[in-house]
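Naming convention: chains lettered A, B, ... in sequence-line order (proteins, then strands); numbering from 1 in each chain.
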There are 2 protein chains.
Amino acid sequence: MAYDFWYWDGIPGRGEFVRLALEAGGIDYVDRARESGGDSSSLIEDLQARRPDPPFAPPYLVADGMTLAQTANILLFLGEKHGLAPADTAGRLWINQVQLTLADLVAEAHDVHHPIAAGLYYEAQKEEALRRADDFRQSRMPKFLGYFEGLLDGESGWLTAKGWTYADLSLHHVVDGLLHAFPRRMSTLASRYPRLMALHLRVAQLPALRDYFASERRLPYGDGIFRHYPELDAE
Amino acid sequence: MAYDFWYWDGIPGRGEFVRLALEAGGIDYVDRARESGGDSSSLIEDLQARRPDPPFAPPYLVADGMTLAQTANILLFLGEKHGLAPADTAGRLWINQVQLTLADLVAEAHDVHHPIAAGLYYEAQKEEALRRADDFRQSRMPKFLGYFEGLLDGESGWLTAKGWTYADLSLHHVVDGLLHAFPRRMSTLASRYPRLMALHLRVAQLPALRDYFASERRLPYGDGIFRHYPELDAE
């Protein structure tokens with residue numbers, strides 16, 4: 001039976017990390033909010049009906065009688081059940097650890113354009129965003145990207161010697177998102193991270209994902225986590 | 001053999017969520033940075049020597065030949081191995097999900113006093129902090145606390161019907177930290193969350209933790225995640 005996947009329509013957002021794993025793993029799912037015509041009321045209604053253990057926020061996946069939320073938690077489940085991560089304890093926890101470190105970077109990338117409040121428009125916190133973006137570009141991007149570069153296996157090019165995991169897919173999306181949001185900064189930094197940039201290309205060419213990337217299931221970045229505001233970018 | 005636990009000395013920080021699980025679970029560990037006299041150089045030196053899969057940042061736990069980082073990942077391991085969470089898939093993933101939602105709140109509580117850059121002093125981002133604190137108190141605190149209140153079991157008072165898990169301990173610490181950082185706001189809000197406040201007291205009275213709380217192993221909040229700046233608090 002197909003899993004039910006719920007996330008806001010119109011942006012890739014945190015839902016994209018789950019979509020990539022579902023698509024690359026060839027796992028049957030229905031993107032419920034999009035199937036409902038993209039009206040957010042169907043998502044809100046479904047979310048509020050999930051008792052007694054509701055998600056705090058989308059994305060969430062309804063699978064095997066469970067309602068699973070928190071991106072890294074959903075991916076942990078998919079990794080275990082569908083073989084998208086090593087099965088042994090050390091490998092499984094290591095990939096979860098990498099995913100959580102990616103989640104930290106994703107949260108920081110979001111807060112670059114929303115440093116004061118997620119509930120306010122960007123324009124209402126633009127001055128603060130300019131300041132936060134400066135630190136993010138100068139300090140945080142090299143720190144995170146250099147760290148991930150060092151994790152990639154010299155032989156396989158992936159996080160593990162044996163092939164891609166769900167965290168490799170997430171790493172692709174983070175690099176892709178940064179290239180979208182900070183093209184000038186990434187043009188300066190990219191040459192320092194040859195393995196990361198190679199992984200970015202390699203994931204895009206996975207047979208199971210090529211169709212997805214060419215389909216309308218793949219959403220443009222829009223007003224999601226990774227946003228391109230030229231004034232927040234610089235070399 | 002005792003686990004090696006590594007975290008910055010001098011603050012409870014994210015390390016405290018791990019300490020509480022180790023202490024409440026009666027798990028033998030050595031707090032290595034504190035044992036080394038609290039000099040941060042021993043921690044930095046150890047961290048940099050951990051190859052090929054280094055942590056991005058403390059806390060980390062050296063256990064069974066693994067170096068485990070990311071608070072929620074360490075707790076997932078402790079939960080599985082030492083029975084600090086349900087053993088079945090649904091229960092295990094649910095507690096991981098709650099822990100990750102707590103981690104989101106912890107990151108936001110930190111960014112209240114560091115909305116621009118973790119590497120800058122509070123005083124250098126105080127204007128922005130005043131603005132972010134206002135949103136955090138008005139919007140984020142009730143949203144998160146109301147959510148967690150709704151998760152607590154009416155009979156047991158814990159997240160699960162069967163007794164405490166590592167996420168209950170973390171929930172205690174988050175409430176405790178908010179009481180420290182935002183005493184005025186919490187005095188307004190607390191009566192809305194009777195189960196949460198009862199859990200806060202109940203964890204402090206767990207026999208395995210009473211000794212810990214009275215010991216010098218328990219650190220004052222200091223300049224950690226939960227900081228009391230009177231100007232950031234209000235009713």
Side-chain angles (χ1 to χ4, degrees), chain A residues 51-57 60 64-74 76-77 80-81 89-101 103-105 107-108 111 115-120 125 127-129 131-136 138-140 143-144 147-148 150-151 153-154 159, chain B residues 51-57 60 64-74 76-77 80-81 89-90 92-105 107-108 111 115-120 125 127-129 131-136 138-140 143-144 147-148 150-151 153-154 159:
Chain A
R51 300 288 167 206
D53 294 336
F56 183 72
Y60 59 95
D64 301 350
M66 301 179 285
T67 299
L68 301 167
Q70 284 285 351
T71 307
N73 188 53
I74 301 169
L76 183 71
F77 164 77
E80 290 178 5
K81 174 148 182 192
T89 299
R92 182 173 59 91
L93 293 173
W94 167 245
I95 292 303
N96 184 47
Q97 179 177 320
V98 174
Q99 188 67 40
L100 291 171
T101 307
D104 287 345
L105 172 51
E108 292 193 26
D111 283 6
I116 299 302
L120 289 176
Q125 49 198 313
E127 286 309 308
E128 295 91 342
R131 233 188 130 194
R132 181 149 182 161
D134 193 52
D135 180 75
F136 184 73
Q138 295 301 319
S139 165
R140 304 304 283 171
K143 181 166 172 151
F144 275 106
Y147 174 75
F148 292 120
L151 301 186
D153 187 274
L159 288 163
Chain B
R51 300 288 166 206
D53 294 337
F56 184 72
Y60 57 95
D64 302 350
M66 300 178 285
T67 299
L68 301 167
Q70 283 285 351
T71 307
N73 187 53
I74 301 169
L76 183 71
F77 164 77
E80 290 179 5
K81 173 147 183 194
T89 299
R92 181 173 59 90
L93 293 173
W94 167 245
I95 292 303
N96 184 47
Q97 179 176 324
V98 174
Q99 187 67 40
L100 291 171
T101 308
L102 283 165
D104 287 345
L105 172 52
E108 292 194 26
D111 282 6
I116 300 301
L120 289 176
Q125 49 198 313
E127 286 309 308
E128 294 92 343
R131 235 188 129 194
R132 180 147 183 163
D134 193 52
D135 180 75
F136 185 73
Q138 295 301 320
S139 165
R140 304 305 284 171
K143 179 164 175 156
F144 275 107
Y147 174 75
F148 292 120
L151 302 186
D153 187 274
L159 288 163

Notebook entry, point to check: Is any side-chain heavy atom of B:Lys81 closer than 4.5 Å to a side-chain heavy atom of B:Asp64?
Noted result: yes
Notebook entry, point to check: Do A:Trp94 and A:Leu151 have side chains that get closer than 4.5 Å, going by heavy atoms?
Noted result: yes
Next item on the list: Would you mind checking which part of B:Glu127 comes under 4.5 Å of any heavy atom in chain A, side chain (CB onward), backbone (N, CA, C, O), both or neither?
Entry: neither
Notebook entry, point to check: Given that the side chain runs from C-beta out, which part of A:Arg92 has a heavy atom under 4.5 Å from chain B: side chain, backbone, both or neither?
Noted result: side chain
Margin query: Can you tell me which portion of A:Asp153 sits under 4.5 Å from chain B's heavy atoms? Options are side chain, backbone, both or neither.
Written below: neither
Next item on the list: Go through the atoms of A:Thr71 and report whether side chain, backbone, both or neither lie under 4.5 Å from a heavy atom of chain B.
Entry: neither
Notebook entry, point to check: Tell me, side chain or backbone of A:Lys143 under 4.5 Å from chain B's heavy atoms, or both, or neither?
Noted result: both
Check: Taking B:Met66, B:Glu108, B:Arg140, B:Gln97 one by one, which has the highest count of heavy-atom pairs under 4.5 Å against chain A?
Finding: B:Gln97
Checklist line | Minimum-distance pair of heavy atoms, taken over all atoms of A:Glu128 and B:Ile116 | finding: O-CD1, 3.7 Å
Notebook entry, point to check: Given that the side chain runs from C-beta out, which part of A:Asn73 has a heavy atom under 4.5 Å from chain B: side chain, backbone, both or neither?
Noted result: both
Checklist line | Leading residue by heavy atom contact count with chain A [cutoff under 4.5 Å; candidates B:Phe148, B:Phe136, B:Phe77, B:Tyr147] | finding: B:Tyr147
Checklist line | Segment of A:Phe144 engaging chain B (4.5 angstrom heavy-atom cut-off) | finding: both
Notebook entry, point to check: How long is the gap from CG on B:Leu100 to CG on A:Leu100, to the nearest 0.5 Å?
Noted result: 6.0 Å
Check: Which region of A:Leu93, side chain (C-beta onward) or backbone (N, CA, C, O), has a non-hydrogen atom less than 4.5 Å from a non-hydrogen atom of chain B, or is it both or neither?
Finding: both
Notebook entry, point to check: What distance do B:Leu102 atom CG and A:Gln70 atom CD have between them, rounded to the nearest 0.5 Å?
Noted result: 9.5 Å
Margin query: Give me the atom names and distance for the closest heavy-atom approach of A:Ala69 to A:Pro55.
Written below: CB-CB, 3.5 Å
Margin query: Are the side chains of A:Leu76 and A:Gln99 in contact, using a 4.5 Å heavy-atom criterion?
Written below: no
Check: Heavy-atom distance under 4.5 Å to chain B: side chain of A:Asp134, backbone, both or neither?
Finding: neither
Next item on the list: Examine whether an atom of A:Gln125 lies under 4.5 Å from a heavy atom of chain B, and if so say whether it belongs to the side chain, the backbone or both; otherwise answer neither.
Entry: both
Check: Is any side-chain heavy atom of A:Arg131 less than 4.5 Å from a side-chain heavy atom of B:Leu120?
Finding: yes
Check: In terms of heavy-atom pairs under 4.5 Å, which option from B:Thr101, B:Asn96, B:Asp53 contacts chain A the most?
Finding: B:Asp53
